[in-house]
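By convention in this document, chain letters (A, B, ...) are assigned in the order of the sequence lines, proteins followed by strands, and residues within each chain are numbered from 1.
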Protein chains: 2
Amino acid sequence: MPENTSLRRGRPGYDQQGILDVAVAAFNEYGYDATSMGVLAERLGLSKSAIYHHFTSKDEILDRALDSALAALEGVLEDADAAGGRAADRLDLVLRGAVHVLVDRLPSVTLLLRVRGNTEVERRALERRRAFDRRVTALVSEAQAEGSLRSDLDASVVARLTFGMINSLVEWYRPGGTETADRLADDVVAVALDGLRMPTSNRVEDLLG
Amino acid sequence: MPENTSLRRGRPGYDQQGILDVAVAAFNEYGYDATSMGVLAERLGLSKSAIYHHFTSKDEILDRALDSALAALEGVLEDADAAGGRAADRLDLVLRGAVHVLVDRLPSVTLLLRVRGNTEVERRALERRRAFDRRVTALVSEAQAEGSLRSDLDASVVARLTFGMINSLVEWYRPGGTETADRLADDVVAVALDGLRMPTSNRVEDLLG
DNA sequence: GACCGCTGACCGACCGTTCGGGTGGGAGGA
DNA sequence: TCCTCCCACCCGAACGGTCGGTCAGCGGTC
């Protein structure tokens with residue numbers, strides 16, 4: 001598997017990444033199961049069997065795509081942990097980082113979020129997702145304990161609702177629109193932390209009264 | 001189609017609803033495309049061909065299931081509109097109502113949220129979903145205009161993020177757990193309207209300073 | 001000339017769907 | 001009460017088509 005393109009010998013053609021990009025786009029459009037190797041080959045402009053020169057199976061294509069999304073998400077957690085500081089600040093980094101990963105790697109993350117766990121490859125991906133969720137939940141707990149977040153809500157419910165909001169971006173966000181990733185991350189954090197209610201509305205008055 | 005069971009003639013067996021429940025559960029487990037009529041028949045304890053006595057096609061099963069979910073969601077909007085009052089109060093009704101529909105009709109709503117629009121049936125369902133989203137967005141706009149919701153966020157982004165949060169419930173909520181529908185609706189509304197930040201935290205102080 | 005990229009024919013399995021025929025039980029007349 | 005008829009219900013076999021995957025060999029490029 002040539003890492004450096006200048007070392008590639010023989011007839012030039014697709015490499016794994018090129019096929020991967022087209023495959024992931026097709027998987028997202030039709031769904032993984034409904035995408036046949038036939039239409040995939042058609043989109044690539046080559047024969048079905050040519051794909052098997054680059055990947056051993058349809059499953060392996062999915063595996064690579066899911067790994068790219070999961071690695072990026074796990075990297076966000078690593079970065080936040082490395083940054084240190086208050087749990088609330090680290091959580092802020094995770095939320096904004098997750099939005100950026102989602103925007104930057106929209107196709108593979110979209111694919112990841114639709115995995116249901118029918119094959120071994122899918123089950124492994126789901127387990128990595130659950131591990132990610134557990135770490136986020138722990139971060140929320142920590143932030144509640146330090147007094148940064150309200151404690152009347154269960155930490156795992158908070159983590160799930162917040163990431164449910166973030167993950168739902170794949171349903172409608174499309175690159176090239178008016179929304180940039182930074183602006184989107186601001187909006188998500190604004191809703192999650194401060195809510196939608198008018199700041200001068202009854203709730204703040206309640207607190208003062 | 002016998003409405004009254006006492007009127008049913010002939011050999012007793014499955015009716016459409018019984019098959020529908022099993023089918024929707026299987027669709028959610030494996031995905032619609034990956035669920036073959038064969039395994040569906042196996043789960044029902046029937047032959048494949050017996051299913052075609054109750055439905056004309058696999059597509060029709062999907063159509064019925066999606067309609068049940070969409071009708072329930074549209075009913076929530078109707079009820080809120082009928083209730084009248086401030087837009088913010090009607091929005092509150094819609095959010096809580098949507099959570100209840102999601103919990104009460106978890107299987108069919110789950111199915112609806114995974115539709116991608118590959119067949120004509122799926123495209124029709126998607127269009128009804130978009131119409132629903134447009135009405136929610138309009139409600140958010142109205143609530144912003146009356147001063148109940150902060151206006152620094154785009155109404156359609158607010159509507160999408162909020163329903164992204166609600167819809168994500170299908171990913172983890174399971175009946176019979178510690179969370180009741182009412183409690184869940186309270187949590188969702190709490191996060192969406194008031195946010196996660198500690199009420200006594202810096203933001204309120206910022207407002208006062 | 002070595003090797004990489006690719007082709008086209010082909011495989012067995014399984015897909016959704018059809019069809020002709022069997023079967024069992026509620027309803028109505030005797 | 002019993003018999004009989006009808007029909008909702010269901011089966012097994014088979015259809016054409018498509019699925020993921022294999023293999024032997026051809027051709028371009030370093």
Side-chain angles (χ1 to χ4, degrees), chain A residues 1-24 26-27 29-66 111 115 118-122, chain B residues 1-24 26-27 29-65 111 118-122:
Chain A
M1 212 54 48
E3 301 269 334
N4 186 337
T5 53
S6 69
L7 286 181
R8 292 180 66 190
R9 308 274 303 268
R11 192 178 176 183
Y14 277 101
D15 60 351
Q16 290 207 6
Q17 191 58 51
I19 292 184
L20 211 46
D21 292 341
V22 174
V24 170
F27 290 164
E29 194 166 336
Y30 306 120
Y32 174 73
D33 289 303
T35 303
S36 70
M37 296 300 273
V39 309
L40 202 52
E42 201 175 323
R43 287 203 174 196
L44 287 161
L46 37 87
S47 65
K48 259 199 317 176
S49 48
I51 301 175
Y52 288 92
H53 181 71
H54 300 277
F55 296 92
T56 66
S57 68
K58 192 183 176 186
D59 239 29
E60 194 199 345
I61 304 179
L62 181 64
D63 195 33
R64 301 272 182 136
L66 296 180
L111 195 57
V115 160
N118 293 322
T119 67
E120 191 52 41
V121 164
E122 295 190 357
Chain B
M1 206 56 46
E3 303 269 335
N4 187 337
T5 52
S6 69
L7 285 181
R8 291 182 66 188
R9 310 274 303 267
R11 189 181 179 179
Y14 278 101
D15 59 351
Q16 289 208 8
Q17 191 58 50
I19 291 184
L20 209 48
D21 292 340
V22 174
V24 170
F27 290 165
E29 195 165 335
Y30 306 120
Y32 174 74
D33 289 304
T35 304
S36 69
M37 297 299 273
V39 309
L40 201 54
E42 203 174 322
R43 287 202 174 198
L44 287 162
L46 288 178
S47 65
K48 274 199 298 179
S49 50
I51 301 175
Y52 287 90
H53 180 72
H54 301 276
F55 296 92
T56 66
S57 68
K58 192 182 174 186
D59 240 29
E60 195 199 345
I61 303 179
L62 182 62
D63 195 34
R64 300 274 183 136
L111 196 57
N118 293 320
T119 66
E120 189 53 40
V121 164
E122 295 191 356

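Rounded to a whole Å, the CD1 atom of B/Ile51 is 10 Å from the P atom of D/dC11. Here the P atom of nucleotide C/dG16 and the CZ atom of B/Phe55 are 15 Å apart, to the nearest Å. A/Asp33 has its CG atom 18 Å from the P atom of D/dT18, to the nearest Å. Whole-Å rounding puts the B/Leu44 CG to D/dC10 P distance at 9 Å. When the P atom of D/dA14 is taken as reference, atom CE of B/Met37 falls 21 Å away, rounded to whole Å. Rounded to whole Å, the distance from CD1 on B/Ile61 to P on C/dC15 is 15 Å. Going from atom CD of B/Glu60 over to atom P of C/dG16 covers 16 Å, rounded to whole Å. Rounded to an integer number of Å, the gap from CG of A/Leu40 to P of D/dG21 is 12 Å.
Residues A/Lys48 and A/Met37 approach most closely at CG-O, 3.5 Å, considering heavy atoms. The shortest non-hydrogen separation linking B/Asp33 to B/Lys58 is O-NZ, 3.7 Å. Closest approach of B/Ala65 and B/Val24 over heavy atoms only: CB-CG2, 3.5 Å.
Within the 3.5 Å criterion, the main-chain N or O of A/His54 finds a donor-acceptor partner in the side chain of A/Gln16.
Closest to the B/Tyr52 side chain, of the nucleotides C/dT7, D/dG20, C/dT18, is C/dT18. Taking the side chain of A/His53 as heavy atoms from C-beta on, and the options C/dT18, C/dT17, C/dC6, the nearest nucleotide is C/dC6. Checking D/dC11, C/dT7, D/dG20 against the side-chain heavy atoms of A/Lys58 singles out D/dG20 as nearest. For B/Ser49, the side-chain atoms get nearest to D/dC11 when compared with the rest of C/dG16, D/dC11, C/dC6. Among the nucleotides D/dC10, C/dG16, D/dG20, the one closest to any side-chain atom of B/Ser36 is C/dG16.
Between the base of C/dT17 and the side chain of B/Lys48 there is a donor-acceptor pair shorter than 3.5 Å.
Contact annotation: the side chain of A/Tyr32 never approaches that of A/Val115 to less than 4.5 Å [non-hydrogen atoms, C-beta and beyond].
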